[in-house]
Participant: 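Please find one structure pasted underneath; my questions will follow.
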Amino acid sequence: MRIAFFDAKSYDRPSFERYGAEHGIKFKFYETKLTEDTVDLARNCDGVCAFVNDQLDAAVLDQLAELECRYIAMRCAGYNNVDLKAAANSGLRVVHVPAYSPYAVAEHAMALLLTSVRRIHKAYIRTRDFNFSLNGMTGFDLHGKTVGVVGTGKIGRVFIDICRGFGMHVIAYDKFPAQGTDIEYVTLEELLSRSDIISLHCPLTDETRHLINCETINLCKKGVVIINTSRGALIDAECLLDGIKARKIGAACLDVYEEETDYFFEDFSGHILNDDILARLISMPNVIVTSHQAFLTEEALSNIAETTVLNLVQLHDEGACDNELRFVGGEVKRGR
Ligand code: NAI
């Protein structure tokens, strides 16, 4: 099998080459993202392997079908950038990696939170300059604080366990609350009004787009810390910025950003950033931005490559896959 691998980074290659070779899959690595302009690179391939910022809309999917590609292997959990209806119409089979390391993402969310509330990002820069002053470095204890977790799936639950280890009080909101757990579920409004810290772990859907907006920010406690390691568009970035400027939001920890596609994963140092909202957010002392790196651990990379390869092998050999995303009767069904 030949698979065109888009948006390839140096850290992707070793594990994909290894698992691919074990199962007879040859990956053709391209640094460029998949777009209407680059789709032709998939010519003579059985499918494409794509990531969070690749373009998989109807236009690109139609072209892939014309090139006689059959498989779309997403090497990530989220699939909000794939038009699954268009894929089904074009006869393309889509697979993803539903779980590879919920620990990687949940631990990163906590790393961002600790960095923010204990001003580690400031201390790192100060002490490198032999500035040992503590002025402006006062943080707050996490112990005893209320954290609101939106989305209690795989990552959300690991994050809940971590927070409990810190002695925090956890409340949660999920459209489909988990049964038989000791999680204290509340409405979204109650979560917003009671939480000292809010962490987003739900998928991006039409319903969750701009879940954090000017109105919902108004419902929050003054000084709330907002963590987003899920998808950028869960937050209306302009409202977030306004909330920070108004001192309503105490801090923001962002691994994802609404308009990240043009910037994240690339080196823009020495360039003028055209996105004024992102530039302003980054300039704030109480905002920490990482560029969609929550997944990036050795364990996760290895699991992603292994599952992606096995997904392709299953589709090819068995004609079905446990991690297939099927668009049936107007909705997305997972599995065979
Ligand atoms: P999951 O599918 O296990 O859990 C998602 C949870 O969100 C489920 O409990 C679901 O019921 C809930 N949910 C669905 N619709 C909702 C709504 N309207 N309101 C509230 N809750 C809702 O997914 P998992 O593995 O925990 O991942 C969560 C998200 O994390 C993914 O959708 C993805 O966008 C993001 N992610 C980010 C990564 C990063 O590197 N920053 C890496 C991996 C995932």
Side-chain angles (χ1 to χ4, degrees), residues 7 9 11-12 50-54 74-82 84 96-113 148-163 170-181 183 185-192 195 198-213 216 226-235 252-258 260-261 264-265 288-301 303-305 307-308 322-323 325 331-335:
D7 205 6
K9 299 284 182 266
Y11 49 77
D12 289 318
F51 199 49
V52 293
N53 291 325
D54 285 308
M74 299 304 294
R75 54 181 190 279
C76 51
Y79 46 86
N80 51 282
N81 54 331
V82 188
L84 290 171
H96 75 143
V97 184
Y100 41 87
S101 174
Y103 310 103
V105 182
E107 288 170 14
H108 191 79
M110 181 48 90
L112 287 173
L113 177 61
V149 177
V150 180
T152 55
K154 293 174 284 297
I155 296 169
R157 286 209 230 174
V158 175
F159 186 70
I160 287 173
D161 286 344
I162 294 173
C163 290
V170 179
I171 55 176
Y173 167 72
D174 195 303
K175 192 177 174 196
F176 310 100
Q179 304 299 312
T181 68
I183 297 172
Y185 284 104
V186 296
T187 61
L188 181 60
E189 289 68 29
E190 189 176 343
L191 181 142
L192 295 167
S195 300
I198 295 171
S199 195
L200 304 178
H201 299 288
C202 60
L204 175 63
T205 62
D206 289 343
E207 215 172 339
T208 60
R209 183 174 299 275
H210 288 181
L211 184 105
I212 301 295
N213 55 45
T216 51
I226 297 181
I227 309 167
N228 189 5
T229 55
S230 201
R231 283 293 179 267
L234 293 177
I235 299 181
C253 304
L254 309 174
D255 185 52
V256 285
Y257 170 67
E258 195 171 1
E260 70 182 45
T261 315
F264 280 19
F265 308 128
I288 298 177
V289 175
T290 51
S291 48
H292 208 135
Q293 77 174 64
F295 73 99
L296 196 61
T297 66
E298 285 180 16
E299 292 81 357
L301 287 176
N303 291 340
I304 288 168
T307 305
T308 304
D322 300 331
N323 295 325
L325 298 164
E331 48 180 290
V332 180
K333 299 236 189 285
R334 302 187 199 193

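Start at 1 and go down the list; that is how both ligands and their atoms are numbered.
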Participant: Excluding sequence neighbours, so at least two apart, what forms ring pair (Phe, Tyr, Trp, His ring centres under 6.0 Å) with H292?
Facilitator: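 If we apply the ring pair (Phe, Tyr, Trp, His ring centres under 6.0 Å) test to H292, skipping adjacent residues, the hits are F265.
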
Participant: Going by distance only, is there an N or O of K154 that falls short of 3.5 Å from an N or O of ligand 1?
Facilitator: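 Checking ligand 1 against K154, an N or O pair does fall under 3.5 Å apart.
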
Participant: May I ask you to check whether T229 has an N/O atom sitting below 3.5 Å from an N/O atom of ligand 1?
Facilitator: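 Yes; the residue has a nitrogen or oxygen that sits under 3.5 Å from a nitrogen or oxygen of the ligand.
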
Participant: Can an N or O of I155 be found at a distance shorter than 3.5 Å from an N or O of ligand 1?
Facilitator: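 Checking ligand 1 against I155, an N or O pair does fall under 3.5 Å apart.
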
Participant: Would you call R231 and E258 a salt bridge, using N to O less than 4.0 angstrom?
Facilitator: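 Salt bridge absent between R231 and E258.
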
Participant: On a heavy-atom basis, which atom in D54 and which in N81 lie closest, and how many Å separate them?
Facilitator: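 Of all heavy-atom pairs spanning D54 and N81, the closest is O-ND2, 3.0 Å.
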
Participant: Ignoring hydrogens, just give me the one of P203, G151, A294 whose non-hydrogen atom is nearest atom 13 (N) of ligand 1.
Facilitator: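 Looking at heavy atoms only, the winner is P203.
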
Participant: Going by heavy-atom distance to atom 43 (C) of ligand 1, choose the closest among F159, F295, Y100.
Facilitator: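 Checking each option, the heavy atom nearest atom 43 (C) of ligand 1 is found in Y100.
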
Participant: Should S230 be listed as contacting ligand 1, given a heavy-atom distance under 4.0 Å as the test?
Facilitator: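 In this structure, S230 qualifies as a contact of ligand 1 - some heavy atom is under 4.0 Å.
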
Participant: Mark the output for L204 as yes if a heavy-atom distance to ligand 1 is under 4.0 Å, and as no if none is.
Facilitator: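 Flag not set, L204 not near ligand 1.
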
Participant: Considering only heavy atoms from C-beta outward, does the side chain of I212 approach that of L234 to under 4.5 Å?
Facilitator: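 When only atoms from C-beta onward are counted, L234 and I212 do not touch, as no gap falls below 4.5 Å.
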
Participant: At under 4.0 Å between heavy atoms, is it the side chain or the backbone of T208 that contacts ligand 1, or both, or neither?
Facilitator: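 Contact part for T208 vs ligand 1: side chain (C-beta onward).
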
Participant: Pick whichever of R334, R209, R231, H292 has a heavy atom sitting closest to atom 39 (C) of ligand 1.
Facilitator: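 Selected option, by shortest heavy-atom distance: H292.
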
Participant: Assess whether a salt bridge exists between E331 and K333, defined as any Lys/Arg side-chain N lying under 4.0 Å from an Asp/Glu carboxylate O.
Facilitator: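 A salt bridge is present here (some side-chain N lies under 4.0 Å from a carboxylate O).
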
Participant: Please confirm whether G153 comes within less than 3.5 Å of ligand 1 when only nitrogen or oxygen atoms on both sides are compared.
Facilitator: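 By distance alone, the answer is yes.
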
Participant: I need the contact type for D174 against ligand 1. Using non-hydrogen atoms and a strict under-4.0 Å cut-off, is it side chain, backbone, both or neither?
Facilitator: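 Both backbone and side chain.
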
Participant: Tell me, please, which residues at least two apart from A111 pass side chain to side chain contact (heavy atoms under 4.5 Å, CB included).
Facilitator: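 Testing A111 for side chain to side chain contact (heavy atoms under 4.5 Å, CB included), a comparison that skips the adjacent residues, returns none.
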
Participant: Consider only side-chain N and O atoms of N303 and S101, and report whether a donor and an acceptor are under 3.5 Å apart.
Facilitator: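 The answer is no; no qualifying pair exists.
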
Participant: Does the side chain of T152 reach to within under 4.5 Å of the side chain of F159, using non-hydrogen atoms?
Facilitator: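 No, too far: nothing below the 4.5 Å cut-off.
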
